[in-house]
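Read the structure below first, then the notes.
Note on naming: letters A, B, ... go to the chains in the order of the sequence lines (proteins, then strands), and numbering restarts at 1 for each one.
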Amino acid sequence: MYNYNDFEKKWQTKWKEENIGVSNRDETKPKFFLIWAYLTVSGFHHVGHMRGYSYADAVCRFKRMQGYNVLLSAGGHASGNGAVSKALKVKENDSDTIEYYKSKGLTKENLDQISTPEGFVDFFSQMYVKDYISYGYLVDDRRFTVTTYPDYQKFIEWQFRKLKEKDLLVQKPYFATACVKCGPVAVDPSEMDLSKGGNAEKQEFTIIKLKFEKENQFILVATLRPETVYGQTNIWLSSEEEYVKIKSGDETWIASKDFYEKIKYQVDNLELLGQSFKGSELLGKYVTPPIINREIIILPSSFCDPKIGTGIVTSVPSDAPADWMGLYDLQRSKEECDKYNLDFETIKDIKLIPIIKSKDFGDFPAVEICENMKINSQKDTEKLEIAKKEVYKKGYHTGVMSEVCDEYAGLKVEVAKDKIKQKMIDENNAFIFYDLSEEVLCRCSSPVVIKRIDDQWFIKYSDKQLTEKTIEYVKEMSILPDSFKKNLPNVLNWFDDRACARQGTWLGTKLPFDPSYTVEPISDSTLYPIYYLVSLYVNQGRINVEQLTEEFFDFVFLGKGNSIEVAKNISIDINILENIRKDVIYWYPLDINLGGKEHQTVHFPTFLMNHVAVFEKNFYPKGIFVNWWVVSNGGKISKSKGGVGSIGSEAEKYSVDAIRLFYANIASPFVDITFEEEDLKTYKQRLERIFVFIENIISSNEFKEDLKETELDRWFESKFNLRLQTIIESMEKIEFKAATDEIYFNFYNDFSWYLKRGGINKKVIFSVLKKWILTMGLFTPHTSEELNSLVGNKTLVVKQTFPEIEIEKINLSLDDKEKNVEKMISNLRNVIKLSGLEKINKISLFVSESWKYVFYSEVIAELEITKNVGQIISKFISKYPDNKQEVSKAIPKLLKQPMSKENIKTQEEDYNFLISIKDFLELTFNTSIEIIKAEESDNEKAKSATPGKIGFLVE
RNA sequence: GCAGGGGUUCCCGAGUGGUCAAAGGGGCAGGACUUAAGAUCCUGUGCUUAGUGCUUCGCAGGUUCGAAUCCUGUCCCCUGCACCA
């Protein structure tokens with residue numbers, strides 16, 4: 001019986017008792033050090049996390065069984081505001097939150113504990129460790145650490161001092177996404193910090209100041225296309241919306257109230273002047289834009305949104321479809337103009353200005369595209385959006401500025417754009433404004449805006465030397481998948497300076513030289529694999545936080561200073577200090593950092609660059625493994641959104657091993673997969689089937705001791721070794737699917753075939769069986785241990801050596817022979833089917849006439865000399881005058897479908913072989929079989945037999 | 001836009017120059033076992049045929065004795081783009 005729920009616990013306990021996951025330095029053995037990327041401590045594990053972990057554990061178990069001293073470490077990431085805001089919700093007794101945690105089985109005491117950020121982090125990180133154990137991952141949990149622990153923070157302080165020493169920290173102004181209440185937040189689709197708007201993009205608007213009525217009074221318009229200033233014919237605003245006057249120094253600006261609420265975070269010392277007023281008050285008046293310096297009229301439109309930009313839009317009807325429709329709507333309706341008190345004739349007189357010449361378009365792209373797309377009104381917003389993108393794309397990439405554009409005439413749009421923008425900014429006629437493309441709300445539900453920060457700290461990832469050095473090193477690394485390895489240099493080149501610390505009340509490490517800043521979550525998780533080598537000593541109480549000084553880290557990580565001095569200075573036992581240093585030298589560099597695909601563009605690049613920046617080359621990481629996601633209904637399974645059950649209930653339903661096998665076998669690690677109940681069931685059944693199959697073998701009394709090895713036995717051993725070869729090669733290349741195909745499917749089939757063919761050699765069966773069970777230790781370790789003990793092995797699978805290939809047992813010709821049997825059976829079946837006979841009484845098998853064996857060998861030899869068919873035929877016809885027809889047919893065929901000499905046996909051999917499988921064939925076809933040499937029969941089928949091709953007669 | 005990935009037989013998904021009508025699994029069909037269901041086992045699953053031949057790996061061309069695999073063009077789909085490990 002496959003009682004996985006019982007034996008999973010049993011073996012986990014056993015591993016724990018025998019300290020299998022515990023890894024200590026052992027210079028007599030080669031080491032292998034693997035980590036998986038930190039998990040953010042923000043809630044429960046879900047089955048998606050188990051994908052990467054299962055891969056990591058399989059690799060580690062393989063290495064372990066190959067004699068490596070393996071260290072698999074894990075920790076938690078808690079910097080940022082995740083834990084803070086979640087704990088707050090518990091503290092505030094938010095009913096949904098409380099309900100949720102209660103449904104997950106948390107007690108009153110648990111809830112009390114997680115109502116503070118620290119308690120929250122402790123509670124969940126302890127749960128993570130339990131989860132690792134319950135899925136059988138052999139993690140060295142003595143080293144577990146969290147980024148918010150005081151000892152870890154000492155490590156981060158050290159790291160930032162190193163970066164500063166190397167001039168890789170710089171300060172400059174920055175426009176950060178920030179909650180108006182909480183400070184900087186991350187705007188990203190995972191919405192870790194947000195309650196809404198994770199998909200928003202940061203957009204750069206150019207705000208142009210248009211002179212209006214008085215000296216130093218300006219109407220502000222926002223544009224993404226500053227190069228189109230030459231084509232302005234008017235500006236748009238909404239007659240119904242409210243606008244305000246804003247005082248900035250001695251200037252007065254007119255824009256929407258919403259704009260004021262956003263720009264005040266980017267420009268200092270602004271204040272509102274007087275009351276707000278309706279846009280209609282401005283209609284029909286004139287403004288003067290910079291650069292073109294001519295008056296243009298203010299007109300109404302329906303598409304001005306006070307929430308976008310300044311709520312006022314400059315109009316370039318030649319190139320902006322919406323502007324064209326807006327103008328067109330007015331120009332063809334006197335009624336509409338009258339409504340706003342506008343002079344119809346003036347409006348009709350407004351002429352478009354050709355400013356950009358681009359591929360596929362004439363002077364006025366906006367007009368053309370509106371005609372082509374049959375857009376008839378400014379209200380047709382959906383089509384206008386598409387039209388805008390199309391015109392913009394063409395204009396930006398293929399456009400050239402026209403002759404009306406002064407000194408910019410003839411320039412490409414992409415060049416002119418920046419020049420015109422810069423000129424307006426330099427002359428104080430414009431400034432830059434950053435905005436989000438959609439509404440974003442913080443987790444605290446306050447709005448998120450873009451805020452200017454003057455002295456923001458950055459890590460200088462743009463540093464040329466650092467970038468080049470890293471790119472150069474990447475070439476030497478083992479990185480999977482290959483597509484990521486290829487893309488990584490691009491990512492590194494693209495990687496710009498990164499704001500590395502924020503001002504706010506988050507969990508994390510303060511910058512040692514500027515405590516108003518807290519290191520941001522990405523930046524404090526780049527060098528951490530090396531810290532697992534220290535956290536062990538801290539967790540064991542052999543070193544305390546105060547002793548983790550700069551001098552200490554310099555010594556243990558960089559080998560600076562000498563142990564006597566350092567030990568004295570920080571008052572520590574010199575043995576401990578030297579042991580840490582020795583551990584570092586032994587375990588580092590890291591062999592594999594394994595993480596999900598989301599890390600490709602942020603974590604992995606920073607992980608690499610920081611290592612390159614801080615350490616010598618012998619400490620650079622050796623490998624990266626990226627796994628894709630587990631998705632449900634098209635989206636990533638997330639901790640908060642649910643979709644599948646908890647990892648505990650899924651394990652109960654399907655077994656841990658089935659889940660692990662599912663991840664290894666369902667697809668390559670480099671595609672997203674869906675956690676489907678049907679698939680899980682299949683894998684569970686597959687394991688159960690194998691389990692019962694082996695149980696039956698163990699209890700069977702059909703097998704015999706002390707038998708001489710038959711060809712079939714030797715084929716069986718050969719086959720296993722061939723499979724084993726593939727398994728080992730696949731594991732070395734980290735190809736789980738190929739490995740598990742062999743272990744759980746193909747070899748299972750081979751084994752069944754062996755038994756079906758009548759294999760009964762107990763010694764052979766059990767020697768192979770034991771090894772097969774060991775191979776299962778990589779992916780389904782619990783099942784493997786259970787079977788291993790059932791088969792009478794007292795040593796744990798994890799403690800055994802992975803089976804080695806016995807090359808001498810591999811016999812390809814036996815394999816061919818067995819394949820031929822299968823092929824023959826399949827051919828026979830086909831023939832039986834085609835015969836149309838209801839019932840088969842007898843099958844006759846004809847072995848080819850003996851002269852043909854000689855003849856075939858001769859022809860094959862001849863074909864190596866010449867391919868001239870005619871010549872060969874005439875030669876052999878004279879040699880075999882009695883078989884002219886036979887000869888002239890066989891030769892062209894042999895040319896077309898060449899046979900190797902090795903495949904031509906003798907008649908006697910073929911005959912004896914058929915005799916040897918006669919019983920098996922009779923059993924398979926449930927009829928009597930007669931084996932006849934072709935010379936002894938007159939049947940035409942007897943003549944059709946050739947060497948390598950048995951003649952069939954079914955009747 | 002920048003950078004990258006991909007289109008395989010009913011489905012998932014292997015497969016990078018011949019041994020490929022294309023692994024493995026699933027589904028479906030038939031059979032065995034069973035009182036029955038489930039599980040398990042066997043067989044089949046492009047068309048055709050006494051073991052043959054033909055057509056197929058997004059589409060169109062090309063290289064080659066030979067292409068799912070290489071090249072060119074083309075259509076379609078997907079991912080990331082920054083403070084989120």
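Between A:Y174 and B:rC83 there is a side-chain N or O to OP1 or OP2 distance below 4.0 Å.
Scored by the side chain to side chain contact (heavy atoms under 4.5 Å, CB included) test, A:A83 finds A:F120, A:V121, A:L507 as partners (sequence neighbours excluded). Taking the side chain to side chain contact (heavy atoms under 4.5 Å, CB included) definition, one finds that A:T526 meets it with A:Q159, A:T606, A:N610, sequence neighbours left out. Qualifying ring-ring contact (aromatic ring centres under 6.0 Å, His included) partners for A:Y654, counting only residues two or more places apart in sequence or in other chains: none.
Taking atom P in both B:rG73 and B:rG24, the straight-line distance is 37 Å, to the nearest Å. Using C1' as the reference atom, B:rC11 and B:rC28 are 11 Å apart when rounded to the nearest Å. A distance of about 32 Å separates the P atoms of B:rC59 and B:rA50, rounded to the whole Å. For the P atoms, the distance linking B:rG26 with B:rU43 amounts to 14 Å, nearest Å. When the P atom is compared between B:rG7 and B:rU52, the two are found 33 Å apart, to the nearest whole Å. Separating the C1' atom of B:rC47 from that of B:rU56 is a span of 11 Å, rounded to the nearest Å. With both ends at atom C1', the span from B:rA36 to B:rG27 equals 24 Å, rounded to whole Å. The gap from the P atom of B:rA14 to that of B:rG58 amounts to 15 Å, rounded to the nearest Å.
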Between protein and nucleic acid, restricted to nucleotides 4-13 of chain B and to nitrogen or oxygen atoms under 3.5 Å apart, what atom pairs and distances do you find?
| residue | atom | partner | partner atom | Å |
| --- | --- | --- | --- | --- |
| B:rG4 | OP1 | A:N490 | ND2 | 3.1 |

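Mapped onto RNA chain B by nearest heavy atom, A:S523 and A:D496 fall at different nucleotides, with A:D496 at the one closer to the 5' end. Residues A:F495 and A:D524 each lie close to RNA chain B; by heavy-atom proximity, the contact nearer the 5' end of the strand is made by A:F495.
Atoms CG (A:N830) and C1' (B:rC47) sit 14 Å apart, rounded to a whole Å. At whole-Å resolution of the value, CG in A:D750 and C1' in B:rG24 are 13 Å apart. Atom NZ in A:K823 sits roughly 12 Å away from atom C1' in B:rC20 (whole-Å rounding). Atom P of nucleotide B:rG80 and atom CG of A:L488 are separated by 18 Å, given to the nearest angstrom. In this structure, A:Y663 places its OH atom 22 Å from P of B:rG25, rounding to the nearest Å. If you take CZ of A:F604 and P of B:rC83, they are 20 Å apart, rounded to a whole angstrom. Rounded to whole Å, atom P of B:rU19 lies 18 Å from atom CG of A:L812. Atom-to-atom, CD of A:Q600 to C1' of B:rA82 comes out at 15 Å; the value is rounded to the nearest Å.
The number of heavy atoms from other shown groups lying within 6.0 Å of CG (A:D496) is above 12. Within a 6.0 Å radius of NZ in A:K684, other residues, nucleotides and ligands contribute more than 12 heavy atoms. Atom NZ of A:K388 has 12 or fewer heavy atoms from other residues, nucleotides or ligands within 6.0 Å.
A salt bridge does not link A:K172 to A:D455: none of the charged nitrogens lies less than 4.0 Å from a carboxylate oxygen.
The distance between the ring centers of A:Y53 and A:H45 falls below 6.0 angstrom.
Base pairing analysis places B:rU56 opposite nothing; no Watson-Crick or G-U wobble pair with both distances below 3.5 Å involves it. The partner of B:rG1, taking Watson-Crick or G-U wobble pairs whose two distances both stay under 3.5 Å, is B:rC81. Base-pair partner of B:rC33: not found among the strands shown (Watson-Crick or G-U wobble, both distances under 3.5 Å). Across all strands shown, nothing is found opposite B:rG38 as a Watson-Crick or G-U wobble partner with both distances under 3.5 Å. Searching all strands for a Watson-Crick or G-U wobble partner of B:rG17 with both distances below 3.5 Å returns nothing.
By the 5.5 Å and 30° criteria, A:F952 is stacked with the base of B:rG51.
Between the side chains of A:T147 and A:S79, at least one donor N or O lies within less than 3.5 Å of an accepting N or O.
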Result block: side-chain N/O donor-acceptor pairs under 3.5 angstrom for residues 479-489 of chain A, not counting sequence neighbours:
| residue | atom | partner | partner atom | Å |
| --- | --- | --- | --- | --- |
| A:K485 | NZ | A:K475 | O | 3.1 |
| A:K485 | NZ | A:M477 | O | 2.6 |
| A:N487 | OD1 | A:N490 | ND2 | 3.2 |

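Taking only side-chain atoms of A:N746, from C-beta outward, the nucleotide of B:rG26, B:rG51, B:rG24 with the closest atom is B:rG24. Nearest nucleotide to the side chain of A:R502, out of B:rG80, B:rC83, B:rG51: B:rC83.
Residue A:G52 is out of contact with every strand shown, counting any heavy-atom pair closer than 4.0 Å. Within the 4.0 angstrom heavy-atom criterion, no nucleotide atom of any strand lies near A:L661. Base contact: A:V954 has a heavy atom under 4.0 Å from a base atom.
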Practice problem: Spell out protein contact along nucleotides 39-44 of chain B as letters: B when the base is contacted, S when just the sugar-phosphate is, - when no protein heavy atom is under 4.0 Å; keep the 5' to 3' order. | Solution: SSSSS-
Exercise. Test side chain to side chain donor-acceptor pair (under 3.5 Å) on A:S523 and A:E520 and set out the steps.
Key: CA-CA 6 Å; A:S523 304; A:E520 158 278 331; 2.5 Å; yes
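Geometric assessment of A:R452 against the ring of A:Y434 yields a negative cation-pi assignment under the 6.0 Å and 45° thresholds.
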